[in-house]
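Accompanying notes for the structure given below.
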Amino acid sequence: MAQATGLSPAAVSYALRGLQVSEETMERVRAAAAELGYEADPIARALASGRTGMIGLLCGSLEDLWQQSLAVGISRGLREKDRYALILDAVGDPARERALAQQLRDQRVDGMIVQPIDPSAAFWKELCESLPVVAIGDSLAGTAGEVIFDNRRGVTLALEHLRALGHRSVAVLTSTRSSTPDRPADVHATAEAERLGLDIEVVTAPHGLAGATSAARDILSADKPSAVFCFADSIAYGVYAAAQELGLSIPGDVSVMGYDDHPMSGLLTPGLTTVDWDIDGIVRAAVRLISAAADGATRRRRIIQAPTLRERGSVAHVS
């Protein structure tokens with residue numbers, strides 16, 4: 001390869017890994033590699049560089065359709081950086097999240113991207129000292145980078161929208177378990193409800209359709225609130241299913257809001273009013289941060305992701 005390009009072996013090696021050379025040199029080396037049918041031996045490369053090319057992607061729950069979209073986007077983004085995602089699912093369980101995070105570390109991944117279930121857990125600090133970690137959603141101590149959701153703004157947008165349309169009784173469905181009671185979005189929802197004079201009930205609901213439908217059915221069968229605000233569009237889909245089972249119309253009998261604007265949400269009837277976090281922007285930022293950290297960058301970056309309210313037809317005005 002060096003002979004074919006007229007470059008030193010070191011320059012060829014750097015170019016194949018996208019390091020310390022110009023774009024022109026990288027293109028020259030990659031063109032020569034394609035012509036010669038050259039493929040780098042990943043084991044030899046890992047031994048030489050001390051890197052595996054693998055980035056761990058630890059998802060809170062892949063039953064959440066938005067997290068599925070996030071995983072697909074990050075996997076593709078990493079592949080464009082000549083890296084591979086090792087995707088693991090914590091299934092909404094904080095204990096499993098800890099075990100899988102430690103497993104990824106022991107498998108010597110070059111870095112980890114995580115959307116934490118329990119951001120207050122003590123083990124994150126130790127983990128972040130042993131490998132580069134990029135957090136999505138909530139802040140973690142010691143990370144190499146963070147893409148943080150402005151949950152205060154997101155929750156405020158949603159609850160102020162409901163109050164402006166006359167709603168006073170709101171059920172909040174969250175995937176947060178009793179073992180992880182201090183997630184910022186949940187805490188802020190309670191504080192904002194008090195500020196706005198809303199009567200809210202916070203209920204745990206899983207991301208999976210069956211579990212979310214069951215939780216929503218219980219709420220809608222009892223003292224039905226005028227609106228249900230869900231901390232994931234996947235959970236909101238369960239409210240739609242439960243309403244249909246019970247013969248309730250949306251938004252005539254109950255209004256529904258989501259929180260991440262999954263592409264499916266605009267296809268519902270009526271379309272789901274939700275909070276959009278710009279998933280494409282999150283993917284680009286997370287891939288950029290973990291790639292830089294895995295390559296040895298020491299500057300810590302914190303990106304704040306601002307929400308926008310996506311109004312559709314699932315919220316009605318009540319008198």
We want to know whether [X] and [Y] form a side-chain donor-acceptor pair, criterion being a heavy-atom distance below 3.5 angstrom.
| X | Y | result |
| --- | --- | --- |
| T274 | H262 | no |
| D199 | S169 | no |
| S139 | E146 | yes |
| S61 | H207 | no |
| D118 | S120 | yes |

Are there over 12 heavy-atom neighbours, none belonging to [X], within less than 6.0 Å of that residue's [atom1]?
| X | atom1 | result |
| --- | --- | --- |
| R152 | CZ | no |
| E126 | CD | no |
| E245 | CD | yes |
| D223 | CG | no |

Rounded to the nearest 0.5 Å, what separates atom [atom1] in [X] from atom [atom2] in [Y]?
| X | Y | atom1 | atom2 | value |
| --- | --- | --- | --- | --- |
| L159 | L198 | CG | CG | 6.0 Å |
| L157 | L309 | CG | CG | 6.0 Å |
| E80 | S75 | CD | OG | 10.5 Å |
| Q305 | N151 | CD | CG | 11.5 Å |
| I136 | I148 | CD1 | CD1 | 9.5 Å |
| R163 | L165 | CZ | CG | 11.5 Å |

- prompt: Taking it one step at a time, do Y237 and S265 satisfy side chain to side chain donor-acceptor pair (under 3.5 Å)?
  reply: CA-CA 8 Å; Y237 302 159; S265 297; 2.8 Å; yes
Min side-chain heavy-atom separation [X]-[Y] under 4.5 Å:
| X | Y | value |
| --- | --- | --- |
| R96 | I117 | no |
| E160 | R195 | yes |
| I282 | F149 | yes |
| Q103 | L86 | no |
| I303 | L289 | yes |
| L248 | K224 | yes |

Non-hydrogen atoms of [X] and [Y] that approach each other most closely:
| X | Y | answer |
| --- | --- | --- |
| P307 | V275 | CB-CG1, 3.5 Å |
| S175 | I235 | N-CD1, 4.0 Å |
| R168 | G197 | CD-O, 4.2 Å |
| D253 | G247 | OD2-O, 4.2 Å |
| V91 | D89 | N-OD1, 2.9 Å |
| A171 | I219 | CB-CG2, 4.0 Å |

Sequence neighbours excluded, every pair satisfying ring-ring contact (aromatic ring centres under 6.0 Å, His included) that has a member inside residues 238-259: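 Residue pairs with at least one partner in residues 238-259: F229-Y259, F231-Y259, Y259-W277.
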Same cluster or not: are [X] and [Y] linked, directly or through other Ile, Leu, Val, Met, Phe, Trp or Tyr residues, by side-chain heavy atoms under 4.5 angstrom apart?
| X | Y | answer |
| --- | --- | --- |
| V72 | L88 | no |
| L209 | M264 | yes |
| V133 | V109 | yes |
| I55 | V147 | yes |
| L272 | V239 | yes |

message: Taking salt bridge (charged side-chain N to carboxylate O under 4.0 Å, His left out) as the cut-off, I'd like each qualifying pair that reaches into residues 259-274, sequence neighbours left out, listed once.
response: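 Every salt bridge (charged side-chain N to carboxylate O under 4.0 Å, His left out) pair that includes a residue of residues 259-274, provided the two are not neighbours, is D261-R310, D261-R312.
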query: So, does S221 use its side chain to make a donor-acceptor pair with the main chain of D218 at under 3.5 Å?
result: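 No.
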task: Check for a donor-acceptor pair, side chain of T204 on one end and backbone N or O of T176 on the other, with a separation under 3.5 Å.
output: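 Side chain of T204 to backbone of T176, a donor-acceptor pair under 3.5 Å: yes, one is there.
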query: What residues form a side chain to side chain contact (heavy atoms under 4.5 Å, CB included) with E201, not counting sequence neighbours?
result: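 Partners of E201 by the side chain to side chain contact (heavy atoms under 4.5 Å, CB included) criterion, ordered by chain and then number, come out as V203.
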field: Trace of the salt bridge (Lys or Arg N to Asp or Glu O under 4.0 Å) decision for K125 with E129
entry: CA-CA 6 Å; K125 185 175 185 299; E129 290 173 352; 3.0 Å; yes
- request: Evaluate side-chain contact (heavy atoms from CB on, under 4.5 Å) for R217 paired with L246, printing each intermediate quantity in order.
  value: CA-CA 8 Å; R217 189 189 304 114; L246 296 170; 4.3 Å; yes
message: Using side chain to side chain donor-acceptor pair (under 3.5 Å), reason through T156 and E192 one step at a time and then give a plain yes or no.
response: CA-CA 7 Å; T156 296; E192 278 296 270; 2.8 Å; yes
- prompt: Can you check side-chain contact (heavy atoms from CB on, under 4.5 Å) on V134 and M112, steps first, answer last?
  reply: CA-CA 6 Å; V134 168; M112 186 187 306; over 6 Å; no
